[in-house]
Amino acid sequence: MNKELSEFLAYLRHERNASAHTIAAYERDLRQLAAYLGESGVRWNKAGNVVLRGFLATLHEKKLKRSTIGRKLAAMRAFYGFAVRKKWLAENPAKVLATPRQEKKVPSFLSEEEAAALLDLPASGKPVDVRDRAVLELLYGTGVRVSELVGTDLEDVHIEERLVRVRGKGKKERLVPFGRKAAEALQDYLRVRAGLVGGRPGERAVFVNYRGGRLTPRSVERMVRKAIGRTAVSRRISPHSLRHSFASHLLGRGADLRVIQELLGHASLATTQKYTHVDVRRLLEVYRKSHPRP
């Protein structure tokens, strides 16, 4: 199914504007399916739902996470749905397969006090430290995804208006505001950025590494872990935790869920609800203020 898979990946890339991460994951998933079908002696266009269910069963036997199995099923449904549209098949055999029930996990997040401790860590004044502070302030101050942060270019940042243009999933653009602290950290960083860019003055990325190239998501993850290690927080915190903290703290201070949805760039309000968390203290505070007989 190499030819068909190539067409499908091109469709994801050029027509669906899928992210590089999604395309790479779907390709791995479908090549794994192709290997399974090859071992079973079944052509991809002859595989019915029973055969595909057998493939999913092998994944359960390998103790893969339900979220991983769910993604592989989504890749199968999308590929076979594409095959139906191309008239390679009459129907989608993956359509009737049940999606594994997902474990409900609340993503890790910081309290307001922990977030303040992280952002107020003493800095050395070295260019990379100034950059790291700006990264942390912008992640927490805007709630953007780490991929959106590292994909931001100089022309996307409007410090006077305190707005940043980001490109989200499906290359959808949105404007996100940020606060005074993030603006100050960003200004401090932009003054020392030239020292990091060095021999690459044409680099348009806002955040660059010590070689002057665009910062990568993995570098940001390492930087966040290192900064967390300097605080009293002992649990695992990632760049996504700062996004979740952003949403939780806005909600806890009375922001409308629809506004948070817009800021996060979520297509569905249900997705936003997974990223929000109101702690018990806030819950009790609202109850005592609002209930007629507290």
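Keep in mind that the numbers below use all heavy atoms, side chains included, and drop hydrogens, waters and symmetry copies.
- Without hydrogens or angle criteria, Arg236 side chain to Ser108 main chain gives no donor-acceptor distance under 3.5 Å.
- Connection of Phe246 to Leu257 is established within a shared hydrophobic cluster, with ILVMFWY side chains joined at heavy-atom distances below 4.5 Å, either directly or through further cluster members.
- The side-chain heavy atoms of Pro177 and Leu263, taken from C-beta on, include a pair separated by under 4.5 Å.
- With sequence neighbours left out, the side chain to side chain donor-acceptor pair (under 3.5 Å) criterion links Ser238 to Ser241.
- Within a 6.0 Å radius of NE2 in His158, more than 12 heavy atoms belonging to other residues, nucleotides or ligands are found.
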Stepwise, does the salt bridge (Lys or Arg N to Asp or Glu O under 4.0 Å) test hold for Glu262 with Arg258? CA-CA 6 Å; Glu262 187 70 24; Arg258 292 282 183 185; over 6 Å; no
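- Applying the ring-ring contact (aromatic ring centres under 6.0 Å, His included) rule to pairs touching residues 182-221 yields Tyr189-Phe207, sequence neighbours excluded.
- By the side chain to side chain donor-acceptor pair (under 3.5 Å) test, Arg162 pairs with no residue at all, sequence neighbours left out.
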Going by atom type alone, with no hydrogens or angles, which donor-acceptor pairs under 3.5 Å involve a side-chain atom of residues 136-145 and a protein atom two or more places apart or on another chain?
unit_1, atom_1, unit_2, atom_2, d
Tyr140, OH, His249, ND1, 2.7
Thr142, OG1, Leu138, O, 2.5
Thr142, OG1, Val144, N, 3.3
Arg145, NH1, Glu148, OE2, 2.5

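- For Glu91, the side chain to side chain contact (heavy atoms under 4.5 Å, CB included) criterion is met by no residue, not counting sequence neighbours.
- Salt bridge annotation for Glu184-Arg180: present, with a cationic side-chain nitrogen under 4.0 angstrom from a carboxylate oxygen.
- A side chain to side chain donor-acceptor pair (under 3.5 Å) with Asp153 holds for exactly one of Arg165, Arg214, Arg167; it is Arg214.
- Sorted by first and then second residue, the salt bridge (Lys or Arg N to Asp or Glu O under 4.0 Å) pairs with a member in residues 114-129 read Glu114-Arg235; sequence neighbours excluded.
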Can you give me every donor-acceptor pair (side chain of residues 23-44, partner residue at least two apart or in another chain, under 3.5 Å) with its distance?
unit_1, atom_1, unit_2, atom_2, d
Glu27, OE2, Arg31, NE, 3.2
Glu27, OE2, Arg31, NH2, 3.3
Asp29, OD1, Arg71, NH2, 2.7
Asp29, OD1, Lys72, NZ, 2.9
Asp29, OD2, Arg71, NE, 2.8
Asp29, OD2, Arg71, NH2, 3.4
Arg31, NH1, Asn2, OD1, 3.2
Gln32, OE1, Lys72, NZ, 2.7
Ser40, OG, Tyr36, O, 2.9
Arg43, NE, Asn45, OD1, 3.4

Under 3.5 Å, side-chain donor or acceptor atoms of residues 192-206 against the rest of the protein: list the pairs with distances, not counting sequence neighbours.
unit_1, atom_1, unit_2, atom_2, d
Arg193, NE, Ala205, O, 3.2
Arg193, NE, Val206, O, 3.2
Arg193, NH2, Glu203, O, 2.8
Arg193, NH2, Ala205, O, 2.7
Glu203, OE2, Ala205, N, 3.0
Arg204, NH2, Glu155, OE1, 3.2

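- Under the side chain to side chain donor-acceptor pair (under 3.5 Å) criterion, Ser219 pairs with Thr216, Arg222, sequence neighbours left out.
- With sequence neighbours left out, the side chain to side chain contact (heavy atoms under 4.5 Å, CB included) criterion links Lys226 to no other residue.
- A salt bridge links Arg253 and Glu112; the closest N-O separation between the charged side-chain nitrogens and carboxylate oxygens is under 4.0 Å.
- Residues Ile260 and Leu175 do not share a hydrophobic cluster, clusters being chains of Ile/Leu/Val/Met/Phe/Trp/Tyr side chains in contact below 4.5 Å.
- Between the Asn49 side chain and the Leu97 main chain, no donor and acceptor come within less than 3.5 Å of each other.
- One hydrophobic cluster holds both Val259 and Leu264 under the rule that ILVMFWY side chains link at heavy-atom gaps under 4.5 Å.
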Steps toward side-chain contact (heavy atoms from CB on, under 4.5 Å) verdict (Val224, Ile228): CA-CA 6 Å; Val224 170; Ile228 285 293; 4.3 Å; yes
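- Thr231 places no side-chain N or O within 3.5 Å of a backbone atom of Leu118 that could act as its donor or acceptor partner.
- Cluster annotation: Leu163 is not connected to Ile159 through the hydrophobic network of ILVMFWY side chains, with a link wherever side-chain heavy atoms come within less than 4.5 Å.
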Can you list, pair by pair, the side-chain donor-acceptor contacts under 3.5 Å of residues 10-19, counting residues two or more places apart and other chains?
unit_1, atom_1, unit_2, atom_2, d
Tyr11, OH, Arg85, NH2, 3.3
Ser19, OG, Thr22, N, 3.1
Ser19, OG, Thr22, OG1, 3.0

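- Gln187 is linked by a side chain to side chain donor-acceptor pair (under 3.5 Å) to nothing, counting only residues two or more places apart in sequence or in another chain.
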